[in-house]
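In what follows, a single structure is set out as structure tokens and then discussed.
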Protein chains: 2
Amino acid sequence: MNPVTLKQIAETLDISIATVSKALKDYPDVSKKTKLLVKETAELLNYKPNAFAVNLRTKESKTIGLIIPEVVHHFFSSVIKGIIARAEKKGYLVIILQSSESYEMEKKQLDLLLSKRVDGILMSLANGTANFKHLDDLISQEVPLVMFDKIAKIVNCSKVIINDRMAAYTATKYLIDSGCKRIAHFRGPLLPQNSIDRFLGYKKALSDNNIPYDPSLVYICECGERSFEEGKENAHKLLEDHNDVDGIFINTDLVAIGAITEFHRIGVKIPEDISIVGFSNWFMSSVISPTLTTIDQPGYEMGKEAFKLLYKEIKRRKENLPIKFKTVELETKLIKRASTRN
Amino acid sequence: MNPVTLKQIAETLDISIATVSKALKDYPDVSKKTKLLVKETAELLNYKPNAFAVNLRTKESKTIGLIIPEVVHHFFSSVIKGIIARAEKKGYLVIILQSSESYEMEKKQLDLLLSKRVDGILMSLANGTANFKHLDDLISQEVPLVMFDKIAKIVNCSKVIINDRMAAYTATKYLIDSGCKRIAHFRGPLLPQNSIDRFLGYKKALSDNNIPYDPSLVYICECGERSFEEGKENAHKLLEDHNDVDGIFINTDLVAIGAITEFHRIGVKIPEDISIVGFSNWFMSSVISPTLTTIDQPGYEMGKEAFKLLYKEIKRRKENLPIKFKTVELETKLIKRASTRN
DNA sequence: CTGAAAGCGCTTACAG
DNA sequence: CTGAAAGCGCTTACAG
């Protein structure tokens, strides 16, 4: 475990370390002959540059950090995949940390990444995060930051999002158009912008179509580990509270699948008795029965886009060019399946 | 973006860098007063040690690398979660790379991690990997390596596995016990040890129960991105080829779900006409209909265990203690659900 | 208890 | 075209 260094190559060839370094990096002021010799020897000795030393000199780690609320999650794992695919192309490595939806964890992970001197940070907020000082600090330290999906509008950085409000509007409108008159909503937690926006989209669709908004039709889910159970529980509660609901727009597919499971158990027919629209288009939504109508959320693209923005920012900072923060909005689409009518 | 260094703290307090460094690390030979002063100043200035410099000196990166075939995958994302949970406790960061089941990629990612000087590597083999020189090289360079799930028996390192053969035996036996006489098998690719072992378990269960093995009942799947489609296709082919099959043991849940979907479409009743057992216990197996009988594969625990072994090896190497490679076998269990009889 | 010095492995401006 | 030298930010054996 004593890796080869430039010094060893230099000694083998009886030339200076500086020349070896330059030869390896194809500096123009090194003779072809020397370059060849050096490269051969490096190959032979299986030389790999010591990243620490390089980083220390160049102040670049070629590593970025990624903080997400939850790893075991179809959407976020798609995002991860998009990020590392893109990062790889540009020679960047990705350190992945999980906040588990906790504000404290999120801060801790951020600190870790900072002391690792990552070149930039990509993150999606924890549900528990209501205070953004840790992010503002990051920005004032000029650490490139791009937020995606679960963002804070207030924080001054680049972002990749979908239009949650519009998507929710579309979903609810679709229920209305297919004949639903009394539409419930299983919403996400109170804090995150997404669940607020989805709720607002739901509400707007109702009012635009002259359906009175009834707060007793709105149920809250944590949308965490218990999503599936929450779906079942809320479905059950809904039936106890109301006997006239004929449609539900649900914040997340997994909760929707819980609801479907419970309705199935009780004998409520979907979509005949109650139509359901989910959100996210998890893979399993296409295989359950009935298949779930939902909003497709492009996780892989979001990951790619987020890395792209981050990369640009890193590059511009290095060149001391001015930075303009950008918000990229990705398209969603309604995927019509069997849990809704027509 | 000009982070605070020891030097700046030293200058502010007009003491030496060495003392600052020692004070921060609570060396016993620094006065209480100085320690206090230094720590206060460090806090005030928001000092974070420069990881590159520390690593360069200590030759430790406190970072490990993880290479898996696929990120968007219930089992592997559970493994990731287990690994980063454990790593965090020990102050390690995790760099995640994806081989996409390709041998070339796997080698490339390994090289990347090596030049990053990670303290150790955790990996699960790509399906495309048939040659293990890259791993042997790693080991001869004394880089701590732990393989999990998709391992190479030949490679001399610690491993975390399940008993695929026994689990497959249990699964097949369960089909036999529930009355199936003619049992097909959708197996994985030819190379990986897992799919070989699962196939052998299937075969053994048949022969132990006096059911003749019929190679025409064995269908191969790539088990990659197209798993679901492969399930559908193989189910379809199976019905064309044979009209007497009453049970299938399938290499992976996702393929099984594809098969169920196709049978459902065609009108074959599960489990009445054909019983199905999957493998892995993906979350969605519990929500499709009928729910899928399967073998539970403990991904999270596997991740935790793999990190534990790696950590021990890293530690022992640092202390120059002898290393004994260990193979940990984790328990699986049969999850009985509605896709099989009784 | 404090500090000067060497060194980790590299890069790069500069001299020759 | 080649190499000596300085320096990135830290740690630690050693001297005082």
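Reminder, nothing fancy here: chain letters follow the sequence lines and each chain counts from 1.
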Are the side chain of B:Glu101 and the backbone N or O of B:Asn127 linked by a donor-acceptor pair below 3.5 Å?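 Yes, the answer is positive, given that a donor and an acceptor are paired below the 3.5 Å cut-off.
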Within [range]: residues closer than 4.0 Å to DNA chain D (heavy atoms):
range                     : answer
residues 11-21 of chain B : B:Ile17, B:Ala18, B:Ser21
residues 46-62 of chain A : A:Leu56, A:Arg57, A:Lys59
residues 22-36 of chain B : B:Lys22, B:Lys25, B:Tyr27

Under the rule for side-chain hydrogen bond (donor to acceptor under 3.5 Å, both in side chains), what residues qualify as partners of [X], not counting sequence neighbours?
X        : answer
B:Arg117 : none
A:Thr63  : B:Lys116
B:Lys304 : none

Does [X] pair with [Y] as a salt bridge, N-O distance under 4.0 Å?
X        : Y        : value
A:Glu60  : A:Lys318 : yes
B:Glu313 : B:Arg317 : yes
B:Arg86  : B:Glu305 : no
B:Lys81  : A:Glu225 : yes

Tell me, please, which residues at least two apart from [X] pass side-chain contact (heavy atoms from CB on, under 4.5 Å).
X        : result
A:Tyr311 : A:Lys90, A:Tyr92, A:Phe307, A:Lys315
B:Lys7   : B:Thr5, B:Glu11, B:Ile17
B:Asp136 : B:Val155

When rounded to the nearest 0.5 angstrom, what distance separates CG in B:Leu97 from CD1 in B:Ile121? 9.5 Å
Is it the case that over 12 heavy atoms from other parts of the model lie below 6.0 angstrom from the CD atom of B:Glu43?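 No.
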Crowded around A:Glu329 CD? As in, over 12 foreign heavy atoms under 6.0 Å?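 Above 12, so yes.
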What are the 5'-most and 3'-most nucleotides of DNA chain D lying under 4.0 Å from any heavy atom of chain B?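 Nucleotide range in contact with chain B: D:dG9 to D:dA13.
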Sequence neighbours left out, cut at 3.5 Å: what donor-acceptor pairs do the side chains of residues 25-32 of chain A make with other protein atoms?
| residue | atom | partner | partner atom | Å |
| --- | --- | --- | --- | --- |
| A:Asp26 | OD1 | A:Lys39 | NZ | 3.0 |
| A:Asp26 | OD2 | A:Lys39 | NZ | 3.1 |
| A:Ser31 | OG | A:Thr34 | N | 3.1 |
| A:Ser31 | OG | A:Thr34 | OG1 | 2.6 |

Only stems of 3 or more consecutive Watson-Crick or G-U pairs count here, both distances under 3.5 Å; name the ones for DNA chain D, or none.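 Consecutive-pair runs (3 or more) involving DNA chain D: C:1-3 with D:14-16, C:5-12 with D:5-12, C:14-16 with D:1-3.
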